[in-house]
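These numbers come from the heavy atoms of this one structure, side chains and all, not from hydrogens, waters or symmetry mates. For the single chain, residues carry numbers from 1 onward in sequence order. Atoms within each ligand, like the ligands themselves, are counted from 1 in listed order.
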Amino acid sequence: MKYYFLIVVMTTTISFYGQSNTQLYEIIDAVSAQSIEKDIQTLADFGTRNTFSDTISETRGIGAARRWIKQEFETISKNCNNCLDVFYQKDFVTKEGNDRVPHDAWVVNVVAVQRGTKYPNRYVIMSGDIDSRASNTMDFTIDAPGANDNASGMAGTMEAARVLTNYKFESSIVYVGLSGEEQGLFGGAGLANYAKENNWDIIGVLNNDMIGNIKGVDGVIDNRTFRIFSEPVPPTETERQRKMRRFFGGEVDGISRQLARYIHKTTRTYMPEMNPMMVYRLDRFGRGGHHRPFNDLGYAGVRIMEAHENYNQQHQDIREENGIKYGDVIEHVNFDYAKKLTAVNAINLASLASAPPAPDKVAIGGIVQPSAKFKWDKVDGATGYKIYWRDTTSPTWDHSKYVGNVSEYTLDGIVIDNYFFGIASVGENGYESVVAFPNAVFRD
Ligand SMILES: [Zn+2]
């Protein structure tokens with residue numbers, strides 16, 4: 001009888017895992033390069049989407065662009081029984097005190113929230129940018145189609161919404177077009193503050209900025225590699241946390257880094273043809289993106305982008321000089337590649353929004369003992385936990401052990417000194433949370 005029971009349990013587990021797999025593969029297949037192309041074309045056709053451009057015209061400028069994006073989200077919502085809350089979130093920026101602001105203006109983000117069924121106040125966010133710029137960021141009238149920077153990220157975000165609104169998720173998913181990126185990350189800061197004021201529990205931000213270029217300025221052509229930028233530790237950590245790190249580790253294990261590893265792993269598992277490349281830094285050298293304002297407030301957030309940039313085709317007036325064509329025009333965007341990176345986002349949004357929260361408190365022990373030990377607070381909604389570990393020099397969680405629905409565990413014969421450890425929650429459906437790095441130490 002016992003044997004029979006075991007088989008029943010295993011079959012159930014396998015079918016749950018099977019279901020999750022099928023859903024993610026379905027999502028990958030549903031992302032459409034044609035619809036991404038169509039949206040990038042529409043966005044580029046607004047002429048310029050400079051944050052300080054015309055807001056009255058129906059055909060040119062950022063006003064027309066954001067009204068169109070809002071309309072698109074509303075159409076997507078209609079097709080899913082009004083499953084999206086669509087709204088503008090805006091902040092006023094002034095010329096005074098901002099040397100890259102040509103005149104006072106509203107920085108307007110377009111937000112679409114797909115409410116979670118079980119954890120409505122937990123949010124995973126996918127962002128792209130509405131705005132574009134030419135050579136001079138202060139020039140808000142000259143053509144700036146911004147096809148790759150960043151109509152590609154915006155189109156990917158809308159397409160992910162189209163695909164994922166066919167499903168229901170336990171946590172909320174936010175699809176957002178941000179503005180004011182090019183002049184000071186204003187839109188990201190606005191939404192991050194809005195999230196804080198409304199006590200959003202943010203799982204993570206997947207900021208997509210330039211996901212359509214496959215021909216690097218260096219001549220490399222690559223339609224499989226992409227970058228995931230993540231900062232090592234949050235800037236909000238306390239002095240005490242910083243000091244503890246010296247003794248217990250965690251220099252490369254902040255929450256944004258765990259999010260990056262999660263995306264890396266999901267991609268490797270479900271889209272093995274892709275080469276996700278984790279970059280252990282906040283952003284490109286000395287440059288910025290819209291995940292940063294979220295990081296500033298202590299939220300996990302990463303930048304997802306192409307691996308090979310072409311600087312002749314970003315932040316450039318459209319022109320030809322010495323045989324080189326400058327300008328961010330649609331001819332340079334590879335829609336199949338943008339589709340792949342959109343699928344990367346979509347499966348990670350789906351996976352994160354289907355998983356229970358990561359354990360809040362994870363304590364580690366085993367100092368001068370032969371085995372590492374763990375104690376953690378159980379998570380509402382988790383039906384089991386997985387302990388992950390890796391060599392201290394490895395970028396990825398290479399080893400894991402599913403330990404069932406317990407709140408403490410000893411990893412026999414695994415010495416605490418030689419590895420880094422973390423714990424993920426596992427839901428009944430098989431989906432896993434991001435890995436939580438230990439935040440307490442116990443001795444016994
Ligand atoms: Zn840019």
Quick one: closest heavy-atom pair of Asn109 and Ser179, and the distance?
OD1-N, 2.9 Å
Between Asn213 and Glu306, what is the shortest heavy-atom contact and its length?
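Scanning both residues, the minimum pair turns out to be N-OE1, 2.9 Å.
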Stepwise salt bridge (charged side-chain N to carboxylate O under 4.0 Å, His left out) check, Arg67 with Glu72
CA-CA 9 Å; Arg67 285 190 294 277; Glu72 279 301 302; over 6 Å; no
So, of the N/O/S atoms that Asp149 has, which is the nearest one to the Zn ion (ligand 1)?
OD2
With carbon and hydrogen excluded and only N/O/S kept, which atom of Glu182 is nearest the Zn ion (ligand 1)?
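Restricting Glu182 to its N, O and S atoms, the minimum distance to the Zn ion (ligand 1) goes to OE2.
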Take atom CZ in Arg287; do more than 12 heavy atoms of anything else shown fall under 6.0 Å from it?
yes
Can you tell me if, anywhere in Asp209, an N/O/S atom lies at a distance from the Zn ion (ligand 1) that is smaller than 2.8 Å?
no
